[in-house]
Amino acid sequence: MSNLSNFIIIGERTNVAGSAKFKRLIADGNFTEALSVARQQVENGANIIDINMDDALIDGEEAMTTFLKLIASEPDIARVPIMIDSSKWSILEAGLKCVQGKAIVNSISLKEGEEEFIRQARRVRRFGAAVVVMGFDELGQAATVEHKFSIAERAYKILTETVGMEPGDIIFDPNVFPVATGIEEHNDYAIAFIEATRLIRQKLKGTHISGGISNVSFSFRGNNPMREAMHAVFLYHVTKAGLTMGIVNAGQLTIYADIPADLRERVEDVILNRRSDATDRLLEVASSFKSETIEKVDKQEWREGTVEERLSHALVKGITDYIEEDAEEARHNYSQTLEVIEGPLMDGMNVVGELFGSGQMFLPQVVKSARVMKQAVAYLLPFLEAEKKGGAKSNGKIVMATVKGDVHDIGKNIVGVILQCNNYEIVDLGVMVPWQDILKAARKEKADMIGLSGLITPSLEEMVTVATEMEREKFDLPLLIGGATTSRVHTALKITPCYSGGTVHVLDASRAVNVVRALMGTESGSFLDKIKMDHDDVRKRHLKGDRGKTLIPIEDARKNRQRINWKGYSPPEPGFIGIKTLLNFDLKKLAERIDWTPFFRTWELKGNYPSILKSPEYGDAAQSLFDDAQAMIEIIIKEKWIEANGVIGFWPANSQGDDIIIFGDDSRDPDNLLASFHMIRQQMRKREGRPNHCLSDYIAPFDTGLEDYIGAFVVTAAGEKFKPTIERFEQDGDDYNAILLKSLADRFAEAFAEKMHERVRQKYWGYAADEQLSSEDIIKEKYQGIRPAPGYPACPDHSEKTILFSLLEATKRVDVHLTENYAMTPVSTVSGFYFSHPRSQYFGIGRIAPDQVEDYARRKDVSLSQAEAWLRPNLV
């Protein structure tokens with residue numbers, strides 16, 4: 001990880017030593033409010049949260065245990081790894097006993113000698129945790145490059161050779177100390193950390209580097225703008241040296257490029273110790289920044305520059321207003337039109353690529369840059385053809401496709417745009433592409449690599465098929481794997497063994513360029529060798545892992561079902577039995593219900609709405625994107641680019657074991673069954689008092705004699721004008737608006753699903769007729785009942801959609817179809833069940849054992865191999 005776009009942010013505010021607010025909440029026993037601090041760190045972009053309870057007035061062990069147990073019950077917090085931070089081993093060990101999944105211990109050191117270091121390290125390894133090793137030894141805290149590295153080298157040898165720890169589980173913290181303190185010997189502290197980081201990453205392969213970033217600015221405490229500038233400059237240089245993670249306030253990161261040039265120079269003089277009077281010069285301007293935030297000033301002065309400067313500025317800022325005018329001027333300044341493309345235009349796009357790669361530009365801005373580039377090239381194309389010149393030489397050609405049975409392409413399109421911005425030629429085959437067409441296109445286009453995308457879990461199997469056929473046909477091109485359901489682990493376990501040509505998982509658009517650049521570079525062989533070694537290591541760990549040991553037999557899981565007292569309970573009766581179709585739902589009402597947080601995440605902007613609009617890091621990009629979205633929504637509604645259509649239904653139902661049986665009428669005659677939904681039950685071993693959930697638990701069992709019901713829905717946001725409008729944008733080279741419209745359609749569909757659920761609760765089923773919830777409360781799911789969807793955590797089998805679609809007559813009523821792999825078309829479609837029971841809740845199934853898979857195959861009357869294919873991501 002070589003730049004800020006790959007930097008792992010460790011949230012620092014859940015630390016009683018670093019946050020007065022958090023300390024007060026813990027000391028007062030207000031753990032509920034303390035959880036909100038952790039949640040806010042995750043929402044602001046923290047990838048890991050550091051938790052520290054070291055205070056003389058707090059029982060550290062009890063506080064750590066209580067807080068971590070509460071976090072485990074909060075999915076939106078528990079989804080990120082936990083760093084247990086303490087100077088007391090007893091607190092660290094207490095925390096390790098509470099964390100689910102892989103934890104990080106912060107920290108151990110050599111200050112008490114090797115014997116104690118080895119004892120603690122072995123305990124950490126027994127818990128399966130990673131560990132932070134501080135830059136301390138028997139001589140004290142390391143301040144010089146030499147001392148920092150010698151401690152790391154010694155610790156590395158002990159941990160890997162004596163303790164048996166993997167290098168990837170070792171995180172070195174070489175000590176960030178304050179600079180600009182007025183003490184001369186402190187002037188080298190920041191550069192010492194930077195150079196020690198560089199040396200450790202070069203010599204101790206596979207390890208990570210972390211640091212308490214805010215320490216570097218401690219001498220300016222009270223002056224937050226100045227401190228934020230120092231953090232940004234320090235991060236900019238130390239991430240280039242190899243820093244992989246750091247403890248920072250995730251909500252207060254300033255963009256390096258946004259720091260005024262004069263201030264940035266003075267801060268860099270301090271951080272890099274470039275001049276003897278650096279501290280004095282920084283103090284000269286410190287007071288002027290004490291009460292103001294650092295802002296960029298957008299001026300029209302750029303129009304006064306050379307045409308090359310104007311073209312570069314337009315590309316970086318995504319400004320199309322003058323692009324044809326400037327392209328025409330440039331054309332007259334060069335002897336050939338091709339030189340304009342290969343010269344100033346590509347130079348500008350290279351700047352865009354560098355800024356994105358270093359974390360100074362964000363996805364929406366880059367997609368706008370691509371729009372400017374395409375508009376410029378489209379203007380110049382007739383002149384190119386008249387001169388009979390070909391296009392500019394690309395850095396490489398990539399064939400990309402969403403695999404057969406899958407129709408989701410927003411992520412693929414974004415990656416394609418990012419790569420095009422870096423002068424790679426993209427051949428996009430579209431969606432639902434069979435392996436035969438992918439391989440044929442790769443040969444025809446003489447592609448340098450193939451990229452596969454998919455969202456739904458059956459796509460994972462289809463990717464295995466593509467890899468297998470590439471091996472059979474003796475391809476040797478790198479294979480890129482991406483999409484929401486894909487992962488490095490699945491790629492290593494299932495895809496890499498099928499193909500010897502090299503397989504790389506691409507986590508998101510920000511990683512794509514670095515991966516492709518490495519694959520096209522002179523060191524591509526060594527890059528693929530490293531990936532292969534990593535995948536081999538993943539498989540070895542998987543084989544010797546104990547995931548199956550944490551599961552219990554399915555019969556034991558059923559005995560530990562959700563206990564619901566059905567005596568005295570009267571299931572609410574829906575207002576009608578059967579199907580109701582709703583066409584052309586009011587888009588204005590849906591626009592009011594849009595949850596904007598997932599919208600920003602689609603564009604890889606991390607944070608929750610509306611706070612993201614004020615984010616020091618993402619605020620400008622998020623506000624610009626939000627404004628564009630609001631403008632497009634007005635047009636969507638006015639010109640009816642989208643139609644919202646849906647169908648809902650209710651039926652008499654009872655549970656029978658883990659199945660939900662649907663009756664044709666209220667006689668509930670077993671001979672008059674319409675269908676059965678087959679549900680999966682959690683099999684992980686639970687703490688006492690925690691049930692093994694299954695959706696069937698929320699429907700009254702048949703033998704209780706209670707007359708219960710289940711609902712279902714399919715809603716879509718598309719219509720006759722939707723696809724042609726997308727195609728028009730794409731034909732005009734306007735990827736930005738094409739992706740914007742697709743992402744808004746997804747939001748309308750989700751808003752429609754949420755709105756329909758509200759109507760079901762209040763009107764159509766009516767079990768919560770008096771419900772009064774705000775949009776925020778609804779987003780936080782503070783309502784009775786749930787609407788889980790087939791193919792998602794509580795019901796992971798996508799094939800259950802066939803039953804749901806059949807009951808609702810969805811294809812006939814709202815023109816929504818299922819592909820062979822159960823993806824829904826149009827893409828902006830949401831489907832699911834309605835459960836009314838007050839105790840129903842969302843959950844994830846997690847891993848399941850072979851005994852349940854065999855039982856599931858019998859219940860569905862399919863072969864074991866078919867059931868395994870449907871449930872592959874959940875298998876041990």
Side-chain angles (χ1 to χ4, degrees), residues 7-72 74 77-78 80-96 98-99 103-109 129-136 141 171 173-178 209-218 221-222 224 227-228 230-231 234-235 243 245-253:
F7 179 67
I8 296 173
I9 296 173
I10 305 171
E12 68 175 355
R13 307 311 293 170
T14 46
N15 185 327
V16 297
S19 170
K21 174 184 176 180
F22 186 73
K23 176 182 176 180
R24 174 176 51 78
L25 293 171
I26 296 298
D28 292 345
N30 190 350
F31 286 94
T32 301
E33 186 67 24
L35 281 174
S36 70
V37 177
R39 186 179 294 105
Q40 186 178 50
Q41 288 289 282
V42 176
E43 291 171 352
N44 284 337
N47 310 111
I48 297 170
I49 51 174
D50 178 271
I51 299 172
N52 182 295
M53 299 293 182
D54 288 2
D55 186 87
L57 299 179
I58 294 174
D59 185 331
E61 291 177 38
E62 182 180 348
M64 182 69 77
T65 300
T66 301
F67 194 60
L68 289 177
K69 285 181 178 178
L70 289 171
I71 280 180
E74 296 285 337
I77 306 175
V80 301
I82 302 297
M83 178 177 280
I84 308 169
D85 185 353
S86 180
S87 59
K88 300 178 181 178
W89 177 252
S90 60
I91 296 178
L92 293 174
E93 195 159 27
L96 283 170
C98 300
V99 174
I104 304 170
V105 167
N106 185 13
S107 61
I108 63 174
S109 75
V131 67
V132 176
V133 179
M134 293 298 298
F136 289 82
Q141 206 167 6
I171 305 165
D173 186 336
N175 305 327
V176 178
F177 296 135
I209 311 287
S210 180
I213 303 304
S214 59
N215 291 347
V216 78
S217 67
F218 190 70
R221 59 190 181 278
N224 286 336
R227 296 193 72 179
E228 290 166 21
M230 294 179 72
H231 301 163
F234 184 50
L235 277 172
L243 185 73
M245 59 186 73
I247 301 176
V248 297
N249 185 344
Q252 293 183 354
L253 279 177

### Task
Please assess Val80 against Ile48 for the test side-chain contact (heavy atoms from CB on, under 4.5 Å), listing each intermediate value before the final yes or no.
CA-CA 5 Å; Val80 301; Ile48 297 170; 5.9 Å; no
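- Distance CD/Gln40 to CD1/Ile77: 11.0 Å, rounded to 0.5 Å.
- Within the structure, ring pair (Phe, Tyr, Trp, His ring centres under 6.0 Å) contacts touching residues 34-68 (residues at least two apart or in different chains) are Phe22-Phe67.
- Rounding to the nearest 0.5 angstrom, the gap separating the CZ atom in Arg39 from the CD1 atom in Ile71 is 9.5 Å.
- Of the possible polar contacts, none joining the Asn52 side chain to the Val16 backbone as a donor-acceptor pair under 3.5 Å is found.
- When all heavy atoms are compared, the tightest approach of Ser210 to Gly246 is OG-CA, 4.0 Å.
- Using a 4.5 Å heavy-atom threshold, the side chains of Ile209 and Ile171 count as separate.
- Between the CG atom of Leu96 and the CD1 atom of Ile104 there is a distance of 11.0 Å, given to the nearest 0.5 Å.
- The CD1 atom of Ile49 sits 11.0 Å away from the CD1 atom of Ile84 when rounded to the nearest 0.5 Å.
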### Task
Could you give me the CA-CA distance, side-chain angles and deciding distance for Thr32 and Asn30, then say whether side-chain contact (heavy atoms from CB on, under 4.5 Å) is met?
CA-CA 6 Å; Thr32 301; Asn30 190 350; 4.2 Å; yes
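- Counting only residues at least two apart or on different chains, no salt bridge (charged side-chain N to carboxylate O under 4.0 Å, His left out) pair has a member in residues 61-71.
- Among all heavy-atom pairs drawn from Ser86 and Asp54, the shortest one is OG-OD1, 2.7 Å.
- Among residues two or more places apart in sequence or in another chain, the ring pair (Phe, Tyr, Trp, His ring centres under 6.0 Å) test is passed with Phe136 by none.
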### Task
Kindly indicate, with the supporting measurements, whether the criterion side-chain contact (heavy atoms from CB on, under 4.5 Å) is fulfilled by Ile51 and Asn15.
CA-CA 5 Å; Ile51 299 172; Asn15 185 327; over 6 Å; no
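- Taken to the nearest 0.5 Å, the OG1 atom of Thr14 stands 11.5 Å off from the CG atom of Leu25.
- With Asp85 contributing its side chain and Asp50 its backbone, the two residues share no donor-acceptor pair below 3.5 Å.
- Residues Asp28 and Ile26 fail the side-chain proximity criterion, which asks for heavy atoms closer than 4.5 Å.
- Nearest heavy atoms, Gly211 versus Leu243: N-CD1, 4.3 Å.
- Annotation: Phe218, atom CZ; neighbour count of heavy atoms from other residues, nucleotides and ligands within 6.0 Å does not exceed 12.
- A donor-acceptor contact shorter than 3.5 Å links the side chain of Ser36 to the backbone of Glu33.
- For Gly212 against Asp173, the heavy-atom pair with the smallest separation is N-OD2, 4.2 Å.
- The two residues Gly95 and Met64 make their nearest non-hydrogen contact at CA-CG, 3.9 Å.
- Taking every heavy atom of both residues into account, Asn106 and Leu92 meet most closely at O-CD2, 3.9 Å.
- With rounding to the nearest 0.5 Å, the separation of OG1 in Thr65 from CD in Glu93 is 11.0 Å.
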